[in-house]
Amino acid sequence: MCSPQLPSTLCGEGLGVRYYLCRMDAKKVRVRFAPSPTGGLHLGGVRTVLFNYLFAKHFGGDFILRIEDTDQTRFVEGAEEYIFNCLEWCGLVPDESAVHGGPYGPYRQSERKPLYLEYAEQLVKQGHAYYAFDTPQELEEMRTKFKTKENPSPQYNHELRGYMRNALTLGEAEVAALLATGTPYVIRIKMPEHEEIRFTDMIRGEVSFDSSLSDDKVLLKADGMPTYHLAVVIDDYLMKITHAFRGEEWLPSAPAHVLLWKYLFGLENMPQWAHLPLILKPEGNGKLSKRDGDRLGFPVFAMDWTDPRTGEAATGFKERGFLPEAFINMLAALGWNDGTAQEIFTLDELVEKFSMDRVHKGGAKFDFEKAKWFNQEWIKRLPVTHYAAKVKGMFAEKGIAIEDDAKFYTVLEMVKERCILLPDFVQQASFFFLAPVEIDTNSIKPKWTAQKNQFFIELIRAYELIPYWQHDDLEKEFKEMAAAHQIKPGDLLLPLRIMLVGGKFGPGVFDIATIIGKEDTLARIKHTLGLLEA
RNA sequence: GGAGCGUUGGUAAAGCGGUUAAUACACCUCCCUUUCACGGAGGAAUCACGGGUUCGAUUCCCGUACGCUCUACCA
């Protein structure tokens, strides 16, 4: 029996023999993600990448990234590089791609253009496709002419193609003449009538369609570029893709793809399909879009993206302060689980445990609160050194230069469980390095008394003389003095906290005092005492 | 309009013929902490509806409803 790792060339066609024991599923797993470089990389896109990656790596296979840039009108400068950057940040690096190279290139469809015509013409010869000369205007006319209440969107299908200007209605001579004079044309698939097309989806099981209900999709466009429908089949074949995952929105066009496989390469060579559930808007209905993010205040793209044409900008999960570990984990949990109560997974664990049959069928509404929880968990779990540099940069932006790394790490460690997103560290920890500008004296004033004022004046004196500036001594001194003044320590702790921190938050007060040191502690107490007098 | 896919607490979801229907997020209450957070305890679902099949259905089958996707020379 061939092992799954055995090179596919040894499994049959390479030796010119079809080995009985070497079936399709014994071939090396090869999956692909095929984005079109038209804008920011959406949450759903990253999740598709993730599932591809996890599946491939689980079986020791390859993850290929192919650029679907067949629509020249939608080319966006920088989008391709951006996609690679996102994958890099997520840690989902392709084995083969336009930048990583590989034996099945080129990995950009625009660079494979001549290939597609060949196959399209083969289909024409086989009678499974035909030339069509209808202009965009004529198509538009057809749609309005045949539009009825019952049929609001007429299709270019077996019923209507007889009314159109194509090789099926024009006659051989005329077609040849049109072709000879360079008349623009497209090649359309000729969908058969009343043929049941069925295939097994890895997530949904058996799905079937009636071929009569599908339209004669354009395979090759007038500019010579293939449409997605043709390109996906040819490239998946040529790149030896064994499993093809994509969003559920592709399900309705799957029958055309299955047919193309049947006509061109044989159903036995077709990859296993899996149509992933959609990620939906948090409230209401429909696919999650960038607009929802803007409206509800959360990111939708993996990383910041600015459209070079419109200048429109969108923030990404990365820039919002997500750790890649959390982002990936959250995405995996959106539609997949391992059947246990475990929710936090490393990439390695995901690779080990992932399986397609545990992917949920229904679409999931995106919950930003849950996404934040994953990030908080990862902040708590990871050593602070893992993200200290990033946080340091955020401090620098606020004008706080960190010089003492050891102190910085202790501080981060001390406040990490209070941080949900990376920028929270700035709020939670900057007072360790810079005296607070805003002091919430309103939280002190209502219960402020002359006795308390006196207490702090004496506390300053006592602290000035304290031999060892350390947590336990500071606390002991504080409590003894409170007792001497007959004030409950609790009534004094909050004021002290506000003096040191500026507000009602942060770790233990004496921990803070210990770290910021005698000089700063006393200065901050004095400063606030001054404010309270005024 | 048509086709396909889907439907378990507010959200994500486990369950794969017999369970007190897990768990997590969010929310509320309480404990811990004289801050905030962490941590701990508790609180919510007659599994969309109607028929079957079965001794027994959240689980299997068929309808209905609802939702989503697609219905471009875009992917």
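Order of the sequence lines fixes the chain letters, A, B, ..., with proteins taken first and strands second; residue numbering starts at 1 for each chain.
Residue-level contact check: A:Lys380 touches the backbone only, with heavy atoms under 4.0 Å from sugar-phosphate atoms and none from bases. Using a 4.0 Å heavy-atom distance criterion, A:Lys287 is classed as a sugar-phosphate-only contact. At a threshold of 4.0 angstrom between heavy atoms, the contacts of A:Ala364 are confined to the sugar-phosphate backbone, with no base atom among them. Across all strands, A:Pro277 comes closer than 4.0 Å to no nucleic acid atom at all (heavy-atom distances). Residue contacts for A:Gly508: at a heavy-atom cut-off of 4.0 Å it reaches a base atom on one of the strands shown. Using a 4.0 Å heavy-atom distance criterion, A:Arg143 is classed as a sugar-phosphate-only contact. As judged by a 4.0 angstrom heavy-atom cut-off over every strand, A:Pro255 is placed among residues making no nucleic acid contact. Among the atoms of the strands shown, only primed sugar atoms or phosphate atoms (P, OP1, OP2) are found under 4.0 Å from some heavy atom of A:Thr70. Contacts of A:Leu219 with the nucleic acid, taken as non-hydrogen atoms under 4.0 Å apart, are absent. At the heavy-atom level, A:Gly362 lies under 4.0 Å from the strands shown only through sugar-phosphate atoms. Residue contacts for A:Arg204: at a heavy-atom cut-off of 4.0 Å it reaches the sugar-phosphate backbone alone, with no base atom in range.
If you check residues 36-47 of chain A against RNA chain B, the residues with a heavy atom closer than 4.0 Å are A:Ser36, listed by number. Contacts between residues 417-446 of chain A and RNA chain B, defined by a heavy-atom separation below 4.0 Å, involve A:Glu417, A:Arg418, listed by number. Within a heavy-atom distance below 4.0 Å of RNA chain B, the residues of residues 207-216 of chain A found are A:Val207, A:Ser208, A:Phe209, A:Leu213.
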- Any chance you could lay out the side chain to side chain contact (heavy atoms under 4.5 Å, CB included) test for A:Val233 and A:Met270, step after step, and finish with the verdict? CA-CA 9 Å; A:Val233 170; A:Met270 185 170 74; over 6 Å; no
- When you look at A:Ser212 and A:Glu193, which way does the side chain to side chain donor-acceptor pair (under 3.5 Å) test go after all the steps? CA-CA 5 Å; A:Ser212 309; A:Glu193 284 179 57; 5.6 Å; no
- Passes ring pair (Phe, Tyr, Trp, His ring centres under 6.0 Å), A:Phe408 versus A:Phe432? Steps please. CA-CA 9 Å; A:Phe408 190 52; A:Phe432 280 102; over 10 Å; no
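The interatomic distance linking A:Leu276 (CG) with B:rU69 (P) rounds to 16 Å, in whole Å. Following rounding to the nearest Å, A:Ile487 (CD1) and B:rU34 (C1') show an atom-to-atom distance of 14 Å. A:Asn337 has its CG atom 14 Å from the P atom of B:rU8, to the nearest Å. As a whole-Å value, the separation of A:Leu280 CG from B:rC5 C1' is 12 Å.
For the side chain to side chain donor-acceptor pair (under 3.5 Å) test, no residue two or more places apart in sequence or in another chain qualifies with A:Glu438.
Ring geometry for A:Phe368 versus A:Phe322: interplanar angle of 30 to 60°, hence tilted. Ring geometry for A:Tyr228 versus A:His257: interplanar angle over 60°, hence perpendicular rather than tilted (30 to 60°). Note on ring orientation: taking the six-membered ring where Trp is involved, the planes of A:Phe425 and A:Tyr387 are tilted (angle from 30° to 60°). Between A:Phe245 and A:His243, the ring planes lie tilted relative to each other; the angle falls in the 30° to 60° range.
Across B:rC73, B:rU35, B:rA12, the shortest atom-to-atom separation from the side chain of A:Lys365 is found for B:rA12. Here B:rG15 is the nucleotide among B:rA72, B:rU35, B:rG15 with the atom lying nearest to any side-chain atom of A:Arg358. With distances taken from any side-chain atom of A:Leu334 to the nucleotides B:rC70, B:rA75, B:rA12, the minimum falls on B:rA12. Nearest nucleotide to the side chain of A:Asp71, out of B:rC73, B:rA75, B:rC70: B:rA75.
Distance noted for atom C1' between B:rG43 and B:rA26: 14 Å (whole Å). Comparing B:rA48 with B:rC66, their C1' atoms sit 7 Å apart, to the nearest whole Å. Nucleotides B:rU11 and B:rU19 have their C1' atoms positioned 24 Å apart, rounded to a whole Å. Only the P atoms considered, B:rA3 is 13 Å distant from B:rG63, to the nearest whole Å. Across the P atoms, B:rG50 and B:rC55 are found 22 Å apart, a figure rounded to whole Å. Nucleotides B:rC28 and B:rC47 are separated by 24 Å at their C1' atoms, to the nearest Å. For B:rA21 and B:rA45, the P atoms lie 11 Å apart once the distance is rounded to whole Å. Distance check on atom C1': B:rC60 versus B:rA41 gives 40 Å, rounded to whole Å.
Each of A:Leu278 and A:Pro35 was assigned the nucleotide of RNA chain B with the nearest heavy atom; the assignment lying further toward the 5' end belongs to A:Leu278. Nearest-nucleotide positions on RNA chain B for A:Glu248 and A:Pro154 put A:Glu248 closer to the 5' end.
Using modelled atom types and a 3.5 Å distance limit, the side chains of A:Arg204 and A:His275 yield no donor-acceptor pair. Using a 3.5 Å distance cut-off with no hydrogens or angles, the side chains of A:Asp134 and A:Tyr163 do not pair a donor with an acceptor. Of the N and O atoms on the side chains of A:Asp292 and A:Ser289, at least one donor lies less than 3.5 Å from an acceptor on the other residue. Side-chain contact check for A:Gln342 and A:Lys353: at least one donor-acceptor pair (N or O, by modelled atom type) lies under 3.5 Å. Side-chain contact check for A:Asp440 and A:Ser443: at least one donor-acceptor pair (N or O, by modelled atom type) lies under 3.5 Å.
In this structure, A:Arg188 satisfies the cation-pi test against A:Tyr156, with its NZ or CZ atom closer than 6.0 Å to the six-membered ring centre and inside 45 degrees of the ring normal. Cation-pi geometry between A:Arg47 and A:Phe51 is satisfied (NZ or CZ under 6.0 Å from the ring centre, within 45° of the ring normal).
For B:rA75, the OP1/OP2 oxygens have no side-chain nitrogen or oxygen of A:Lys217 closer than 4.0 Å. For B:rA14, one of the phosphate oxygens OP1 or OP2 lies less than 4.0 angstrom from a side-chain nitrogen or oxygen of A:His360.
The heavy-atom pair separating A:Ser214 from A:Pro255 by the smallest distance is OG-CG, 4.0 Å. Nearest heavy atoms, A:Tyr119 versus A:Leu115: CD1-O, 3.3 Å.
Outside the 6.0 Å centre-distance limit, the rings of A:Tyr82 and A:Phe301 are not counted as a close aromatic pair.
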Can you pull every protein N or O that's under 3.5 Å from an N or O on nucleotides 23-26 of chain B?
from	atom 1	to	atom 2	distance (Å)
B:rA24	O4'	A:Glu343	OE1	2.8
B:rA24	O2'	A:Glu343	OE1	2.6
B:rA24	O2'	A:Lys370	NZ	2.8
B:rA24	N3	A:Lys370	NZ	3.2
B:rC25	OP1	A:Trp373	NE1	3.4

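For RNA chain B, runs of at least 3 consecutive pairs of the Watson-Crick or G-U wobble type, with both hydrogen-bonding distances under 3.5 angstrom, map to B:1-7 with B:65-71, B:10-12 with B:23-25, B:27-31 with B:39-43, B:48-52 with B:60-64.
Taking CD1 from A:Ile279 and NZ from A:Lys281, the interatomic distance works out to 13.0 Å, rounded to the nearest 0.5 Å.
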